[in-house]
Each structure stands twice: as structure tokens, then as C-alpha cells.
Amino acid sequence: RAVIALRRATPADAGYLLALRQDVVTRANSRSTEPIDPEAHAAWLGQLFSDDTRRLYVAENWGQAIGVGRLDVTARGTEISITIAPAHRGRGLAARMIEALVKAAPAAPVIAVVRTTNRASIIAFLHAGFTPCAIDADLAEEAWPRWIEMRRLAEPDREPDGDASP
């Protein structure tokens, strides 16, 4: 059984984070589908690391990096974003990673906004206890394909410092 641990991402993870973000499948399922300029990505990371409302984690299975998860606190709650590394997809790790991120979420409710065409993520969020709520009209702008909002109805006990490890 996979043991997922989250650790806060650091500037030393920049290369890994960029490689995951540049992955074709990741880009196809992201809000921004264009390749990312490395300098723009570095600037974005610098802003993220100094933003108290955002947390970026590297997810590890038995000490091996398997993906990245982000928690963004908004007026609506905490939004989860995930990416599983290509070599680790299809192994059922996403739902376990989502569960760990839910425990680390600093505010409820915990939501995810997923492309309706991203079957793997929808299934992972369903397995992690999320329920589809709606296709948000604000997210269905002409520039974006259709998105579905999923919400975790039952909240687990949260880690007091916002970090979650097994």
C-alpha cells in the first residue's frame, strides 16, 4: 500500500516542479495549457513561496517524489490542485495524495475545479470523498473549456500546523 507524505516544496524543487508543469498531460488539464517559460515559472514560484494563502507540496511515496499538490485559500474555502508525475500515473496514488492534502487544508470547505474531460482526476477526487457540485458559470468562460467543481462534504481532522504526513 502506498504511504503518501507531503513536504513543503522549496526553491530547490524548482526543476522538478517545472518539469511536471511542462508535461503534456498536465498542461492539457490545466487552466493554462501553454508551455511555461522557465523564467516566468521561477517568478511565479517566488511569489507563491511568499504568499501565506498558498501552499505547495511535493508528495512522496516511501520517500520518492510522485507528484505535486497545491492548496489555495480563497473566499470560497481551500482549493486543491494536483499533478501526478507521469511515471506514477494509473497506480491509484492520486486519491491518497488528495486525502493527505485535505488533511493539510487550512480552511473548509475543500474544493477542486477539474476539467470535465479529465476522467482520471474526477475519479481520484470521487475516491477521496469529493462530490460533484456544479459546473460553475464563472469558470465556463469562453476562454476555458468546461470545468466541474467538486467539494469534500465530510472534513477529516486537520493537522494543526497545516502539514500532513502519515
Side-chain angles (χ1 to χ4, degrees), residues 1-9 17 20-21 23-33 44 48 51-62 64-166:
R1 177 165 163 91
V3 176
I4 303 298
L6 300 177
R7 66 169 177 79
R8 293 291 282 266
L17 299 170
L20 284 181
R21 183 61 185 89
D23 172 67
V24 174
V25 173
T26 299
R27 286 197 347 254
N29 289 303
S30 297
R31 289 182 173 137
S32 173
T33 60
W44 176 83
L48 183 140
D51 186 340
D52 291 339
T53 66
R54 306 176 90 192
R55 297 178 182 173
L56 188 63
Y57 295 93
V58 174
E60 297 178 336
N61 180 33
W62 295 104
Q64 182 178 18
I66 57 104
V68 175
R70 193 176 77 229
L71 300 173
D72 296 321
V73 178
T74 70
R76 297 174 20 185
T78 301
E79 183 175 340
I80 291 182
S81 302
I82 66 164
T83 300
I84 298 292
H88 299 284
R89 292 180 183 145
R91 298 181 181 178
L93 298 173
R96 291 187 180 111
M97 183 169 113
I98 293 164
E99 290 167 356
L101 286 163
V102 167
K103 288 180 182 177
V110 181
I111 61 171
V113 179
V114 181
R115 279 190 192 268
T116 57
T117 55
N118 188 347
R119 186 173 184 263
S121 283
I122 292 170
I123 290 169
F125 279 100
L126 289 171
H127 282 252
F130 282 68
T131 301
C133 296
I135 294 180
D136 190 327
D138 292 338
L139 300 177
E141 297 172 7
E142 194 173 316
W144 289 2
R146 294 180 56 176
W147 298 87
I148 187 167
E149 180 176 302
M150 302 181 78
R151 192 171 292 248
R152 176 80 177 234
L153 299 180
E155 302 300 331
D157 292 333
R158 298 194 190 290
E159 299 294 324
D161 64 357
D163 288 326
S165 296

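The figures that follow rest on heavy atoms only: side chains count, while hydrogens, waters and symmetry mates do not.
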- Item | Worked check of side-chain contact (heavy atoms from CB on, under 4.5 Å) between Val110 and Ile80 | CA-CA 7 Å; Val110 181; Ile80 291 182; 3.5 Å; yes
- Does the Asn118 side chain pair with the main chain of Ser121, one donor and one acceptor, at a distance under 3.5 Å? yes
- Message: Quick check: do Val114 and Met150 have side-chain heavy atoms less than 4.5 Å from each other?
- Response: yes
- Report the distance from atom CG of Leu101 to atom CD of Glu79, rounding to the nearest 0.5 Å. 12.0 Å
- Item | By salt bridge (Lys or Arg N to Asp or Glu O under 4.0 Å) - contacts of Arg70 (at least two apart) | Asp72
- Message: Distance check, rounded to the nearest 0.5 Å: Leu20 atom CG versus Ile84 atom CD1?
- Response: 9.0 Å
- Item | Which residues share a side-chain contact (heavy atoms from CB on, under 4.5 Å) with Ala65, sequence neighbours left out | Tyr16, Val58
- Shortest non-hydrogen separation from Ser30 to Arg115 and the atoms involved: O-NH2, 2.6 Å
- Item | From Tyr57 atom OH to Arg7 atom CZ, the distance as rounded to the nearest 0.5 Å | 12.5 Å
- Item | Sequence neighbours excluded - ring pair (Phe, Tyr, Trp, His ring centres under 6.0 Å) pairs with any residue from residues 90-129 | Phe125-Phe130
- Is there a side-chain contact between Leu17 and Arg21, using heavy atoms and a 4.5 Å cut-off? no
- Item | Nearest heavy atoms of Thr78 and Ala105, plus distance in Å | CG2-CB, 3.9 Å
- Taking only residues two or more places apart in sequence or in another chain, which ones pass side-chain contact (heavy atoms from CB on, under 4.5 Å) with Thr74? Arg76
- Message: Can you list everything that forms a side-chain contact (heavy atoms from CB on, under 4.5 Å) with Ala59? Sequence neighbours excluded, please.
- Response: Ile4, Leu6, Ile66, Met97
- Message: Tell me the closest heavy-atom pair linking Ala128 and Ala95, and the distance in Å.
- Response: CB-O, 3.8 Å
- Query: Donor-acceptor pair, Thr83 side chain versus Val68 backbone, under 3.5 Å?
  - Reply: no
- Does Val25 have any side-chain contact (heavy atoms from CB on, under 4.5 Å) partners at least two apart in sequence or in another chain, and if so, which? Asp23, Asn29, Arg89
- To the nearest 0.5 Å, atom CG of Leu56 lies from atom CG of Leu71 at 9.0 Å
- Flag the pair Pro132 / Leu126 as yes when at least one side-chain heavy-atom distance between them is below 4.5 Å, and no otherwise. yes
- For Thr53, what residues pass the side-chain hydrogen bond (donor to acceptor under 3.5 Å, both in side chains) criterion, not counting sequence neighbours? Asp51
- Main-chain N/O of Ala104 paired with Arg55 side-chain donor or acceptor, under 3.5 Å: yes
